[in-house]
Number of protein chains: 2
Amino acid sequence: MTHASAKRAIRAHLTRDRILDAAEEQFASRGFHGVSIRDITESAGVPLALANYHFGTKQQLFGQVIERRGKEHAAQMQKYLDEVLAAAPQDKADPERIVWAFCASVYERLIHGGRGWQRYIRLLAWSAEASQHEDFLEPLNRLFDPVLASYVRALRKSYPQMSTVDLYSAFYLLQASLVYTVAATGGIDRLSRGALRSTDFKRLLPRLVRFCAGGFERLARGED
Amino acid sequence: MTHASAKRAIRAHLTRDRILDAAEEQFASRGFHGVSIRDITESAGVPLALANYHFGTKQQLFGQVIERRGKEHAAQMQKYLDEVLAAAPQDKADPERIVWAFCASVYERLIHGGRGWQRYIRLLAWSAEASQHEDFLEPLNRLFDPVLASYVRALRKSYPQMSTVDLYSAFYLLQASLVYTVAATGGIDRLSRGALRSTDFKRLLPRLVRFCAGGFERLARGED
DNA sequence: GTCTATAATGAGATAGAC
DNA sequence: GTCTATCTCATTATAGAC
């Protein structure tokens with residue numbers, strides 16, 4: 001490689017990163033359909049055409065944004081679950097610990113991950129609220145389906161007596177709580193007149209874990 | 001009024017309803033930003049210009065769609081709460097009954113309300129997932145803010161020892177569960193391989209009520 | 001690799017004939 | 001009240017000079 005072409009390659013890499021960062025920021029704040037490629041390239045300070053040149057279609061760009069951090073995120077979610085299971089007798093872990101493991105990656109990255117990770121997490125929330133039939137979700141599903149399945153298996157072992165429908169319902173409501181909380185659309189700010197802000201994850205997420213653990217207990221206890 | 005003008009008025013009323021119905025259907029399935037006025041008028045089988053003629057801007061049309069059923073819906077939510085409180089000693093109602101009252105209108109209309117009400121409820125879910133800074137949400141907030149506030153007051157009386165933050169957090173997670181469930185984006189269908197469908201509200205909503213009642217109990221019990 | 005210019009499409013809204 | 005035709009603007013995507 002010549003000196004000149006090496007410099008071009010470095011510059012290209014920087015441009016790619018600028019576009020990825022801008023795309024992450026824009027998608028995180030307004031969702032896939034709420035953002036135009038123009039929004040992204042203008043925010044990145046690069047000409048419109050470079051987005052298509054480097055990443056192809058809008059969907060492919062979105063997929064690249066997801067995969068940049070998603071691989072690490074999904075692996076950490078799996079690791080946290082494995083640690084909880086390793087410390088439990090006969091794989092029957094305390095359900096609250098499983099719920100905590102499920103939320104921990106998101107929590108840590110929202111609190112300590114820096115702006116990039118915070119945007120990525122908000123982006124996940126937008127995506128989880130989209131219809132599962134949307135094409136642009138394909139890379140996300142591919143990354144996270146195996147992890148989610150292993151969490152369900154773990155909860156199944158902790159609640160062997162629970163019906164399948166009860167178990168999936170409870171897991172679904174755990175997902176709902178996490179997604180809605182992370183989306184932080186502002187629903188509680190006005191109602192509570194400032195006593196609780198929907199962006200106050202440091203307060204919300206530990207309460208979410210206890211709330212959902214209580215929900216699992218209640219559903220596992222049966223009909224009443 | 002002449003005979004001819006009376007007939008015109010009736011025809012106009014029919015046209016307005018056709019547009020409102022089509023708008024409700026389109027907004028319910030793809031959200032405010034995912035729908036064009038063209039989508040609506042084509043689905044209604046009327047010329048594009050009539051939407052603007054009868055309803056003004058897209059936002060005003062959306063507001064009319066919400067208000068058509070929202071007034072009745074909000075009033076019923078309030079009524080159900082009032083009934084629970086009237087049957088309780090000293091206004092200290094069983095929290096699970098309050099949670100049930102909170103979800104009952106939605107449940108009934110999803111199961112027995114017919115297609116129109118089902119669409120309206122899905123539309124509410126789309127709206128609850130939108131950022132609270134979106135202008136088009138204004139009529140919704142105006143209608144439902146007072147009802148939500150009265151539910152929080154009722155829960156406060158049932159859990160007088162609970163901290164404000166815990167109470168609002170739990171109420172927020174109840175909202176999250178209901179919104180995400182009603183949105184039915186399909187998140188659980190693939191994971192459960194058909195054992196639970198996200199549109200199976202008859203199974204999901206009663207479990208949601210017990211799950212959230214358990215969550216309230218767990219948060220009210222304190223730190224552990 | 002970059003950037004200007006533009007094609008092709010679809011959007012919200014309206015003018016004006018009927 | 002209705003409908004055709006159109007205005008104006010923003011969108012995705014690409015062609016072609018550098």
Side-chain angles (χ1 to χ4, degrees), chain A residues 1-27 29-65 130 134-136 138, chain B residues 1-27 29-65 126 130 134-138:
Chain A
M1 194 188 277
T2 68
H3 184 63
S5 75
K7 272 175 71 177
R8 269 206 310 277
I10 289 169
R11 170 128 185 244
H13 197 262
L14 287 175
T15 300
R16 287 176 62 94
D17 281 350
R18 288 168 65 84
I19 294 173
L20 277 181
D21 286 342
E24 187 173 64
E25 177 181 353
Q26 296 289 315
F27 285 138
S29 60
R30 289 179 299 159
F32 184 79
H33 293 298
V35 170
S36 69
I37 298 188
R38 274 183 165 72
D39 293 334
I40 293 169
T41 51
E42 277 171 25
S43 159
V46 305
L48 171 65
L50 288 189
N52 276 289
Y53 175 76
H54 285 290
F55 298 99
T57 69
K58 187 181 173 188
Q59 276 198 26
Q60 289 169 325
L61 171 56
F62 183 86
Q64 291 290 310
V65 171
E134 296 264 24
D135 291 336
F136 69 88
E138 194 270 329
Chain B
M1 195 189 276
T2 68
H3 183 65
S5 76
K7 272 175 72 176
R8 268 205 311 277
I10 289 169
R11 170 124 185 246
H13 196 264
L14 285 176
T15 299
R16 287 176 62 95
D17 280 350
R18 288 168 64 83
I19 294 172
L20 277 181
D21 287 340
E24 188 173 63
E25 177 182 351
Q26 297 288 314
F27 285 139
S29 60
R30 288 179 298 158
F32 184 79
H33 292 299
V35 170
S36 69
I37 299 189
R38 279 181 165 75
D39 292 334
I40 294 169
T41 51
E42 278 172 23
S43 159
V46 304
L48 172 64
L50 288 189
N52 275 289
Y53 175 76
H54 285 290
F55 297 99
T57 69
K58 186 181 172 186
Q59 277 198 26
Q60 289 169 324
L61 171 57
F62 183 86
Q64 291 291 310
V65 171
W126 268 104
E134 296 263 25
D135 292 336
F136 70 88
L137 294 181
E138 195 270 330

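Only heavy atoms go into these numbers, but all of them, side chains included; no hydrogens, no water, no symmetry mates. Here is the naming used below: chain letters follow the sequence lines, and residue numbers restart at 1 for every chain.
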Under a 4.0 Å heavy-atom criterion, DNA chain C is touched by chain B from dA11(C) to dA15(C)
Does any part of the side chain of Ile40(A), heavy atoms only, come nearer than 4.5 Å to the side chain of Leu61(A), both counted from C-beta? yes
Nearest heavy atoms of Val46(A) and Ile19(A), plus distance in Å: CG2-CG1, 3.9 Å
Could you tell me whether a side-chain N or O of Arg30(A) sits under 3.5 Å from a main-chain N or O of Val35(A), the two making a donor and an acceptor? no
Look up atom OG1 in Thr15(A) and atom NE2 in His13(A), then write down how far apart they are to the nearest 0.5 Å. 10.5 Å
Over the length of the helix from dG1(C)-dC18(D) to dC18(C)-dG1(D), how much do the five-pair end axes diverge, rounded to 10 degrees? 10°
Side chains of Leu137(B) and Phe32(B) in contact at under 4.5 Å (non-hydrogen atoms): no
What residues 33-41 of chain B contributes to the DNA chain C interface at heavy-atom separation below 4.0 Å is Val35(B), Ser36(B), Ile37(B), Arg38(B)
Within-4.5 Å side-chain heavy-atom neighbours: Phe136(B) and Lys58(B): no
Taking side chain to side chain contact (heavy atoms under 4.5 Å, CB included) as the definition, give me every residue that meets it alongside Glu138(B), ordered by chain and number, with sequence neighbours left out. Arg142(B)
Return the value, rounded to whole Å, for the distance between atom NZ of Lys58(A) and atom C1' of dA10(D). 12 Å
Close residues, residues 46-54 of chain B, relative to DNA chain D [heavy-atom separation under 4.0 Å]: Pro47(B), Ala49(B), Leu50(B), Tyr53(B), His54(B)
Give me the atom names and distance for the closest heavy-atom approach of Pro47(B) to Thr41(B). O-CG2, 3.8 Å
Gly34(A) versus Asp39(A), closest heavy-atom pair with distance: O-OD2, 4.1 Å
Could you give all pairs that pass the side-chain hydrogen bond (donor to acceptor under 3.5 Å, both in side chains) test and reach residues 43-56 of chain B, with sequence neighbours left out? none
In Å, rounded to the nearest 0.5 Å, how long is the span from CZ of Phe62(B) to OG1 of Thr57(B)? 12.0 Å
Rounded to the nearest 0.5 Å, the CG atom of Leu50(B) sits from the CZ atom of Arg16(B) at a distance of 11.5 Å
